[in-house]
Amino acid sequence: MSPLVIYNTLTRRKETFVPLVPGRAGIYVCGPTVYDFIHVGNARTFAVFDLVVRWLRASGYEVTYVRNITDVDDKILDRARSRGEPIGAFTERTVAAFVEDCARLNLLVPDSEPRATRYIGPMLELIERLESKGLAYRGANGDVFFSVHDFPGYGKLSRKNLADLRAGERVAVEAAKRDPLDFVLWKAAKPGEPSWPSAFGAGRPGWHIECSAMSGRELGATFDIHGGGWDLQFPHHENEIAQSEGANAKPFVNYWMHAAFLNMGDEKMSKSLGNFFTAREVLDRLDPVQGGEQLRFFLLRGHYRSELAFTPELLDDAGNALRGLYTALREVPAAQAPVDWSHPLAARFRDAMNDDFDTPVAFAALHELRAEVNRTRSGALAGLLRALGGTIGFLQRDPEAFLKGGVTLDVDALVAERAAAKKAKDYARADAIRAQLDASGIVLEDKPGGATEWRKK
RNA sequence: GGCGGGGUGGCAGAGUGGUUAUGCAGCGGCCUGCAAAGCCGUGUACAGCGGUUCGAUUCCGCUCCCUGCCUCCA
């Protein structure tokens with residue numbers, strides 16, 4: 001049996017996954033900054049790590065899954081201020097919306113969802129430790145900075161060196177910094193902003209220290225997997241390494257995983273271009289019953305390290321493929337049984353997933369199994385299909401209900417009327433009813449023996 | 001300028017030194033009152049130019065093109 005292999009951004013190669021503690025895995029994923037609804041690109045990243053966690057569990061690991069919530073940040077303060085809403089009330093709403101979006105996408109609830117504002121103490125401890133080690137200093141403006149050139153490994157994740165970074169410096173240099181690359185750990189309080197008392201004076205944390213503190217508190221100084229979006233490699237993850245390893249003098253993370261971007265067509269999705277859809281916006285446009293799994297399927301059928309283009313056509317395409325899988329399960333009732341890993345297609349699925357979560361190949365195995373189910377009408381194989389899909393969060397719905405979707409029309413009455421017409425050999429009437437239903441997005445399927453199934457197109 | 005990721009059949013998307021990826025769409029057939037679903041069959045894709053090799057889409061070099069990060073960002 002193939003071992004699980006993970007592409008580690010730190011080493012830029014696939015490595016066999018060896019957890020710190022046999023049989024266990026700790027994973028930390030950078031969650032949202034809750035200043036708005038998440039967009040479909042964010043949804044991709046979260047879906048990817050949901051897949052990772054599910055596969056680790058399916059592989060027998062006892063997983064501790066941590067995904068934080070950044071609930072104090074410039075953008076949050078700006079939004080709350082412009083809405084004239086207290087920050088706490090604003091973030092309560094945005095967090096609730098995030099939870100709702102995750103549920104619609106059938107994402108697992110993490111074992112822990114630390115919020116930055118509840119971990120100020122650990123953050124300050126970390127900053128104090130950094131200061132005592134000479135890695136942090138207080139600027140003239142009251143901010144506390146991390147001293148990048150005092151941390152020897154800086155740049156090892158993103159493969160950048162300080163000289164190149166300085167040459168590429170494009171931002172007005174903060175006068176209080178000793179080095180333009182130094183980043184803020186603690187921001188001195190400003191009027192009208194939330195702040196917490198500290199040995200450095202009242203203030204609030206910088207973004208990077210939040211993740212170092214929360215991950216360390218939840219998973220320990222060293223843990224197995226840290227995930228996030230591709231763009232977080234630099235500076236965010238680089239800075240996390242500097243902070244955590246600087247303070248603890250221990251390796252921070254063994255496997256760094258980064259999910260590639262979802263693009264809008266062939267353009268980068270960006271808030272400044274305004275070319276993005278929120279996850280809920282997309283879900284609202286899909287069938288209420290099928291939409292969540294359809295979007296999830298769309299997001300995961302490409303490899304997580306490859307960029308993916310978002311277009312309505314591709315979303316439809318994914319929906320058609322997914323409905324095909326459910327159609328097989330509707331035709332052949334699935335037997336309840338654990339996965340039989342000795343089946344060649346199950347082994348292929350497992351090997352693909354173990355090869356750095358190669359979902360395209362894993363889904364290919366599922367599709368081949370679907371054809372096998374249709375050919376053999378074997379309940380055992382249907383059960384295998386359903387169980388394999390279940391390992392990564394798919395195909396668990398009732399097929400009949402899934403395929404009928406959120407149809408509100410009284411289809412059954414029309415189907416009965418058509419059956420009567422057919423019996424009377426009034427095919428014109430029967431076909432008219434079918435055309436009428438088709439116009440409403442409903443497809444009829446006559447079964448041998450006279451029964452008629454229907455599904456949403 | 002520094003560092004990085006890519007160019008695969010109509011579309012999407014894996015993978016491999018020589019054998020069918022897979023899906024969607026299309027086409028032909030079976031089935032069907034007709035459809036739908038399903039099954040069967042079907043498409044000589046691997047940016048270009050050199051090189052290595054018995055043989056390269058798959059390794060090496062060069063060229064062209066697209067694209068990400070270096071600033072908040074999934």
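Within every chain, numbering begins at 1; the chains are lettered A, B, ... in the order of the sequence lines, protein sequences first and strands thereafter.
By the ring pair (Phe, Tyr, Trp, His ring centres under 6.0 Å) test, A/F402 is found to be paired with A/Y326, residues two or more places apart in sequence or in another chain being considered. Partners of A/R418 according to the salt bridge (Lys or Arg N to Asp or Glu O under 4.0 Å) rule, which considers only residues two or more places apart in sequence or in another chain, are A/D446. For A/V332, the side-chain contact (heavy atoms from CB on, under 4.5 Å) test picks out A/V373, A/R377, A/A382, with sequence neighbours left out.
In RNA chain B, runs of at least 3 stacked Watson-Crick or G-U pairs (N1-N3 plus N6-O4 or O6-N4, or N1-O2 plus O6-N3, all under 3.5 Å) give these stems: B:1-7 with B:64-70, B:10-12 with B:22-24, B:26-30 with B:38-42, B:47-51 with B:59-63.
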Output one line per pair: protein atom, nucleotide atom from nucleotides 31-33 of chain B, and distance, for all N/O pairs under 3.5 Å.
residue	atom	partner	partner atom	Å
B/G33	N1	A/D431	OD1	3.0
B/G33	N2	A/D431	OD2	2.7

Using a cutoff of under 3.5 Å, can you pull out all pairs of nitrogen or oxygen atoms linking the protein to nucleotides 2-7 of chain B, with atom names and distances?
residue	atom	partner	partner atom	Å
B/G2	O2'	A/D164	OD2	2.5
B/G2	N2	A/K160	NZ	3.3

Tabulated below should be each protein N or O lying under 3.5 Å from an N or O of nucleotides 24-26 of chain B; please produce it.
residue	atom	partner	partner atom	Å
B/C24	OP1	A/R370	NH1	3.2
B/C24	O2'	A/D317	OD2	3.4

Protein-nucleic acid N or O pairs under 3.5 Å, nucleotides 18-20 of chain B:
none

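Of the residues near RNA chain B, A/H208 and A/R455, the one whose nearest nucleotide (by heavy atom distance) lies more toward the 5' end is A/R455. Comparing A/L444 and A/P235 by the nucleotide of RNA chain B whose heavy atom lies nearest to each, the residue mapping closer to the 5' end is A/L444.
Counting only residues at least two apart or in different chains, salt bridge (charged side-chain N to carboxylate O under 4.0 Å, His left out) contacts with residues 232-245 of chain A comprise A/K156-A/E245.
Sorted by residue number, the members of residues 252-263 of chain A with any non-hydrogen atom under 4.0 Å from RNA chain B read A/A260, A/F261, A/L262. Listed by residue number, the members of residues 376-392 of chain A with any heavy atom below 4.0 angstrom from RNA chain B form an empty set.
With ring centers used as reference points, A/F363 lies 6.0 Å or more from A/F349.
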Donor-acceptor list for residues 28-36 of chain A side chains, cut-off 3.5 Å, not counting sequence neighbours:
residue	atom	partner	partner atom	Å
A/Y28	OH	A/N68	OD1	3.3
A/Y35	OH	A/K271	NZ	3.4
A/D36	OD2	A/R79	NH1	3.2

